[in-house]
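Worksheet for the structure shown next.
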Amino acid sequence: MRVSQLLIPTLREDPGEAETVSHRLMLRAGMIRKVAAGIYTYLPLGLRVIRKIERIIREEMDRAGAQELLMPIASPAELWRETGRWDFYGKELLRFQDRHERDFCLGPTHEEVITDLIRREVRSYRQLPLNCYQIQTKFRDEIRPRFGLMRGREFIMKDAYSFDKDEEGARLSYQKMYDAYVRIFTRCGLTFRPVEADTGLIGGTSSHEFMVLAETGEETIVYAEHGTYAANVERAEVLPPKETSTEAPRPLRKLPTPGARTVEEVTAMLKTTPQRLVKTLLYTTPKEPVAVLVRGDRAVNDIKVKTLLGVTDLQLADQETVMTLTGAPIGFAGPIGLKRVRLVADHEVKALRNFVVGGNEADTHYVDANWDRDVTIERWADLRNASAGDPSPRGDGTLRVARGIEVGHVFMLGTKYSKAMRATFLDPEGKECVAVMGCYGIGVGRTAAAAIEQNYDAKGIIWPVPIAPVHIHLLALSQSAQVSDIASSLYTSLIQSGIEVLWDDRDERAGVKFNDADLIGAPYQLIIGDKGLAQGTVEFKLRKDGTVTRLAPDQVLKHAQTLPLDSSRAR
RNA sequence: CGGGGCGUAGCGCAGCCCGGUAGCGCACCGCGUUCGGGACGCGGGUGUCGGAGGUUCAAAUCCUCUCGCCCCGACCA
């Protein structure tokens, strides 16, 4: 491939729209261009990266016994109504009508479509297990698309669906996918971690997310520093405290706290600490309002609250509602004397004595409040986010916190979809059984973006070798005959031995070529200039650390053939 | 969805308050010099000033509507 003939519109300046490293660099390196919010065109170099990742995924999926098929991007509403997701999925589901005014949607995922196929075609236990996958464009009408390929509305995803005759088989299928995912992300050259996860909109019984570790990640994970436990904070369990305070209860007092609304303001004014304050957060649910109590320095975990209450929608109460329920503006809510509201509390605060709570009255807080005497809680439960320093729920040490980018997610679905859509088969006794399912996704574009978040410097991208758009970026520094001749012959011989080369044959100044090569981020650069040739050498340079090896032109091919160009499939 | 902001040349932006000739840098085209880390000189403007309506002798600029995009918020009690 010659740079002079390829569409690689590199940008000298940073585009205004881009925030994150991967978004900025993919735009600048001429790999993607935006078409609409969260919708991108993949230019030749960007597409090559996508294809490399897809190829690794295909090889590993096939090796794990899955088979590729391709489902349509548009699917009819009837299928979604069968599982109830036509209503439940909400606005993320992009809906439209055809000319006959029939309802359709763009597939955000394909459980319904695949389950429909399998229920029609699979009759017998002899046909199971089955694992089908596709690599295809998905559409989710995200509230707020951002960060380029990281959170687009239209994106390429590998999704796989397994069907087994029983739970045990399903667990085996799940484990195979888990193992395949470990191989896939390892081969992509990423630093990642599988973590226990919440099942979200997809539903099901259990799941793991594959997180690429990066500061810019949108997800927070916790993990046992020296142990094996790792989980998304959404999911991470927090153990009840071991010890209860032994302080003697003091009499309850009501104190003025003018203008102090936040935990910081209140604790500063009362000369205490957030650890001795119980904050009361009012939520509205479709059923009734709820007050959730957690320690002043903790964060409520919405998912845990939803699970406890058995509701799917949970919103922080607005100003008006708070006023109605507590009789005070936001900032002074407390459990004492709160009526018409269910009281639930995180089990951590049960251990407190003589704590601070809001007074349900403007500019007022209670101090030295105590359970039972002053407040009765309806339910105690694990309701907060895990944080650094908490003991691991598996007993294997202390938790630490990190940021991650979710590039893959595996779910044990159980029979949620197969039951709703009656995907059944006959077992050896002729009895009708419901297939047990699993589903497994990988964000292809997001994996590419995550690779950049993990591998870049001030000059540009530093692709991991297995997913780099090309192996070698060949820079012919001048238009002189000797440079062109050597470049041309090296290019040909490298290509013929299966090495991917991007040949910068443009009539540009050396500096432009160096900068573009560093920006695009091929792992190796082969630099051919008159200066070097005068001494009979060309330069072989590593993008990662700038290490230069000088070689005679006729040694280049041999040298290149020793490079680890692909972490081979045969491992 | 709520709050804030921005749409002016391919890209990054100024001009808008205070109405009157559409501008700067980069990119681009031509010629010449230069040529191993984003060169220089000379010449060239490539624009529905996001769109529609209104006010006005006159609108990028003021008003109304509309579309698109970006950022923040989903822990604040």
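Atom set for the values below is all heavy atoms of this structure, side chains included, hydrogens, waters and symmetry mates excluded. Numbered from 1 within each chain, the chains take letters A, B, ... in sequence-line order.
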Pairs touching residues 254-270 of chain A that satisfy salt bridge (charged side-chain N to carboxylate O under 4.0 Å, His left out), sequence neighbours left out: A/Lys254-A/Glu361
Comparing A/Lys91 and A/Ala37 on RNA chain B - which has the more 5′ nearest nucleotide: A/Lys91
A/Ala333 or A/Thr10, whichever maps to the more 5' nucleotide of RNA chain B: A/Thr10
Could you tell me whether [X] contacts a base, only the sugar-phosphate backbone, or nothing, with contacts defined as non-hydrogen atoms closer than 4.0 Å?
| X | answer |
| --- | --- |
| A/Glu265 | nothing |
| A/Gly334 | nothing |
| A/Thr262 | sugar-phosphate |
| A/Val294 | nothing |

More than 12 heavy atoms of other groups within 6.0 Å of A/Arg550 CZ: no
Of all the choices, [options], which nucleotide is nearest to the side chain of [X] once you look at every atom?
| X | options | result |
| --- | --- | --- |
| A/Arg146 | B/rG36, B/rC71, B/rA77 | B/rC71 |
| A/Ala299 | B/rC70, B/rA77, B/rC75 | B/rC75 |
| A/Glu19 | B/rC71, B/rC75, B/rG38 | B/rC71 |
| A/Lys459 | B/rC75, B/rC70, B/rG37 | B/rG37 |
| A/Ile143 | B/rG37, B/rC1, B/rG38 | B/rC1 |

Using atom [atom1] in both nucleotides, what's the gap between [N] and [M] to the nearest angstrom?
| N | M | atom1 | result |
| --- | --- | --- | --- |
| B/rG50 | B/rG45 | P | 23 Å |
| B/rC40 | B/rG25 | P | 12 Å |
| B/rC69 | B/rC28 | C1' | 26 Å |
| B/rC62 | B/rG43 | C1' | 40 Å |
| B/rU55 | B/rC63 | C1' | 7 Å |

Filtered N/O pairs between nucleotides 24-27 of chain B and protein, under 3.5 Å:
residue	atom	partner	partner atom	Å
B/rG25	N2	A/Glu13	OE2	3.2
B/rA27	OP1	A/Arg12	NH2	3.4

Between [N] atom [atom2] and [X] atom [atom1], what is the distance in whole Å?
| X | N | atom1 | atom2 | answer |
| --- | --- | --- | --- | --- |
| A/Asp504 | B/rG36 | CG | P | 14 Å |
| A/Leu519 | B/rG37 | CG | C1' | 14 Å |
| A/Arg295 | B/rC75 | CZ | P | 19 Å |
| A/Arg506 | B/rC35 | CZ | C1' | 15 Å |
| A/Glu508 | B/rA39 | CD | C1' | 11 Å |
| A/Ile330 | B/rG73 | CD1 | C1' | 14 Å |
| A/Glu142 | B/rA74 | CD | C1' | 14 Å |
| A/Leu11 | B/rG38 | CG | C1' | 13 Å |

Main-chain N/O of A/Ala362 paired to A/Thr364 side chain as donor or acceptor, under 3.5 Å: yes
With A/Thr285 via side chain to side chain donor-acceptor pair (under 3.5 Å) - residues at least two apart: none
By a strict heavy-atom criterion of less than 4.0 Å, which residues belonging to [range] are in contact with RNA chain B?
| range | value |
| --- | --- |
| residues 267-287 of chain A | A/Lys279, A/Thr280, A/Leu281, A/Leu282 |
| residues 543-552 of chain A | none |
| residues 338-361 of chain A | none |

Electrostatic pair [X]-[Y], nearest N-O below 4.0 angstrom:
| X | Y | result |
| --- | --- | --- |
| A/Arg342 | A/Glu378 | yes |
| A/Glu247 | A/Arg276 | yes |
| A/Arg235 | A/Asp198 | no |
| A/Lys304 | A/Asp382 | yes |
| A/Glu218 | A/Arg151 | yes |
| A/Asp390 | A/Arg384 | yes |

Under 4.0 angstrom between A/Arg509 side-chain N/O and B/rA39 OP1 or OP2: yes
Under-4.0 Å side-chain N/O to phosphate OP1/OP2 contact, A/Lys34 with B/rC70: yes
Among all residues two or more places apart in sequence or in another chain, which pass the side chain to side chain contact (heavy atoms under 4.5 Å, CB included) test with [X]?
| X | result |
| --- | --- |
| A/Ala236 | A/Val222, A/Tyr229, A/Ala231, A/Ala386 |
| A/Ser480 | A/Ser478, A/Gln482, A/Val483, A/Asp530 |
| A/Pro464 | A/Ala451, A/Asn455, A/Pro466, A/Ile467 |

Distance-only polar pair, side chains of A/Gln315 and A/Thr284, donor-acceptor under 3.5 Å: no
Nucleotide opposite [N] in a Watson-Crick or G-U pair, distances under 3.5 Å:
| N | answer |
| --- | --- |
| B/rC62 | B/rG54 |
| B/rG38 | none |
| B/rG2 | B/rC72 |
| B/rG7 | B/rC67 |

Look at the side chain of [X] against the base of [N] and say whether a donor-acceptor pair falls under 3.5 Å; ignore hydrogens and angles.
| X | N | value |
| --- | --- | --- |
| A/Asp14 | B/rG12 | no |
| A/Asp530 | B/rG36 | no |
| A/Arg28 | B/rG38 | yes |

Residues forming a ring-ring contact (aromatic ring centres under 6.0 Å, His included) with A/Tyr524, sequence neighbours excluded: A/Phe540
By ring-ring contact (aromatic ring centres under 6.0 Å, His included) - contacts of A/Tyr366 (at least two apart): none
Taking only distance into account, with no hydrogens and no angle test, what donor-acceptor pairs under 3.5 Å do side-chain atoms of residues 25-40 of chain A form with protein atoms, sequence neighbours excluded?
residue	atom	partner	partner atom	Å
A/Arg28	NE	A/Leu11	O	2.9
A/Arg28	NH2	A/Leu11	O	3.4
A/Arg33	NH1	A/Leu27	O	2.8
A/Arg33	NH2	A/Pro9	O	2.7
A/Tyr40	OH	A/His23	NE2	3.2

